[in-house]
Amino acid sequence: MLFDEIRPQGATGRRYTHDEVAAELRRIQPGLRVSGAYLSALRNGSKRNPSLDLLTALAQFFGVSASYFLDPAPQRQAEEEVALARVGHHPQVRNLALRALELSPESLAVVTQIVERVLIDIRLEESGEGQQIDNRGTSQPDD
């Protein structure tokens, strides 16, 4: 799941290769013995029981807690960890999130409303039911 969700250039970018992740894990934790082939074998189930050191390094690389791999956590919690990790791997989203930390609660609520409105417009446009939002925040059907 992490290889599918966490990508170097964000959600629509290419996936990390097993070799890229293995190289970064060895950089994060010198002395760790891991290869792209071994990661592939773990992912496809032909190898099992990775070391705690490997799980810790993988968790650090993907930005999740080590318990992501160890605990049969409820699916929702796992999805939230992956979503948060995706933020860390997407530079523009990470920058927006960091800047949002400086906002007052009221300003953050306004920004949240703007983002939600843009997402609604995108969904409507994609479904062919596009509407335009005028400067007062009311929607007008497309002509």
Side-chain angles (χ1 to χ4, degrees), residues 1-135 137 139-142:
M1 180 172 176
L2 292 174
F3 276 87
D4 294 331
E5 296 292 330
I6 309 301
R7 299 176 183 211
Q9 286 90 27
T12 58
R14 68 173 183 81
R15 291 181 173 94
Y16 283 106
T17 68
H18 294 119
D19 287 335
E20 284 177 315
V21 173
E24 184 62 18
L25 296 180
R26 290 189 303 268
R27 189 193 67 75
I28 290 170
Q29 193 166 347
L32 182 66
R33 295 180 57 194
V34 62
S35 67
Y38 182 67
L39 291 177
S40 177
L42 285 172
R43 289 190 67 215
N44 70 31
S46 63
K47 296 282 184 182
R48 294 176 174 253
N49 301 320
S51 70
L52 185 56
D53 288 341
L54 176 58
L55 294 178
T56 302
L58 281 167
Q60 185 177 353
F61 175 80
F62 284 113
V64 297
S65 67
S67 66
Y68 176 89
F69 299 107
L70 301 172
D71 294 338
Q75 183 65 25
R76 176 130 172 95
Q77 181 181 347
E79 290 171 0
E80 288 172 356
E81 277 197 46
V82 170
L84 186 56
R86 286 175 59 198
V87 169
H89 281 261
H90 192 291
Q92 292 171 312
V93 174
R94 183 177 58 237
N95 186 41
L96 179 62
L98 290 172
R99 296 199 62 187
L101 290 173
E102 300 172 20
L103 297 175
S104 68
E106 295 80 15
S107 296
L108 189 57
V110 170
V111 170
T112 300
Q113 288 176 344
I114 291 168
V115 170
E116 288 174 357
R117 192 163 293 160
V118 168
L119 291 172
I120 289 169
D121 283 352
I122 290 169
R123 287 185 196 112
L124 288 172
E125 213 171 272
E126 288 172 351
S127 70
E129 301 174 25
Q131 294 186 345
Q132 295 179 342
I133 305 294
D134 66 21
N135 60 2
S139 59
Q140 303 296 321
D142 285 339

Check: Do the non-hydrogen side-chain atoms of Leu58 and Val64 ever get within less than 4.5 Å of each other?
Finding: no
Note to self: I need the Leu108 CG to Gln113 CD distance, nearest 0.5 Å.
What the structure shows: 10.5 Å
Notebook entry, point to check: Counting only N and O atoms by type, is there a donor-acceptor contact under 3.5 Å from the side chain of Ser107 to the main-chain atoms of Leu103?
Noted result: no
Note to self: Would you say that more than 12 heavy atoms from the other residues, nucleotides or ligands in this model lie under 6.0 Å from the CZ of Arg48, or not?
What the structure shows: no
Next item on the list: State, to 0.1 Å, how close Leu32 and Arg26 come at their nearest heavy-atom pair, and which atoms those are.
Entry: O-CG, 3.5 Å
Check: Under a 4.5 Å cut-off applied to non-hydrogen side-chain atoms, are Phe3 and His18 in contact?
Finding: yes
Next item on the list: Indicate the atoms forming the closest heavy-atom contact of Gly36 with Ala22, along with that distance.
Entry: N-CB, 3.5 Å
Note to self: If we count only N and O atoms by modelled type, under 3.5 Å, do the side chains of Ser46 and Asn44 hold a donor and an acceptor together?
What the structure shows: yes
Item checked: Distance (rounded to the nearest 0.5 Å) between Ser127 OG and Ile122 CD1 -> 12.0 Å
Notebook entry, point to check: Do Glu125 and Asp121 come close enough that some side-chain heavy atom pair is under 4.5 Å?
Noted result: no
Next item on the list: Look up atom CG in Leu39 and atom CG in Leu54, then write down how far apart they are to the nearest 0.5 Å.
Entry: 6.0 Å
Check: Between Thr56 (side chain) and Leu52 (backbone), is there a donor-acceptor pair under 3.5 Å?
Finding: yes
Next item on the list: Return the minimal non-hydrogen interatomic distance between Asp53 and Gln29, and the atom names on each side.
Entry: O-OE1, 3.2 Å
Next item on the list: Salt-bridge test for Glu126 and Arg123: reply yes if a basic N is under 4.0 Å from a carboxylate O, no otherwise.
Entry: no
Checklist line | Salt bridge Arg15-Glu20, side-chain N to carboxylate O under 4.0 Å | finding: no
Checklist line | 4.5 Å side-chain heavy-atom contact, Phe69 and Leu2 | finding: yes
Checklist line | Verdict with supporting geometry, Val34 and Val21, side chain to side chain contact (heavy atoms under 4.5 Å, CB included) | finding: CA-CA 9 Å; Val34 62; Val21 173; over 6 Å; no
Checklist line | Arg43 CZ: over 12 foreign heavy atoms closer than 6.0 Å | finding: yes
Next item on the list: Would you name the heavy atoms of Leu55 and Pro50 that are closest together and state the gap between them?
Entry: CD2-CG, 3.6 Å
Checklist line | Value rounded to 0.5 Å, distance of CD in Gln60 from CD1 in Ile28 | finding: 4.5 Å
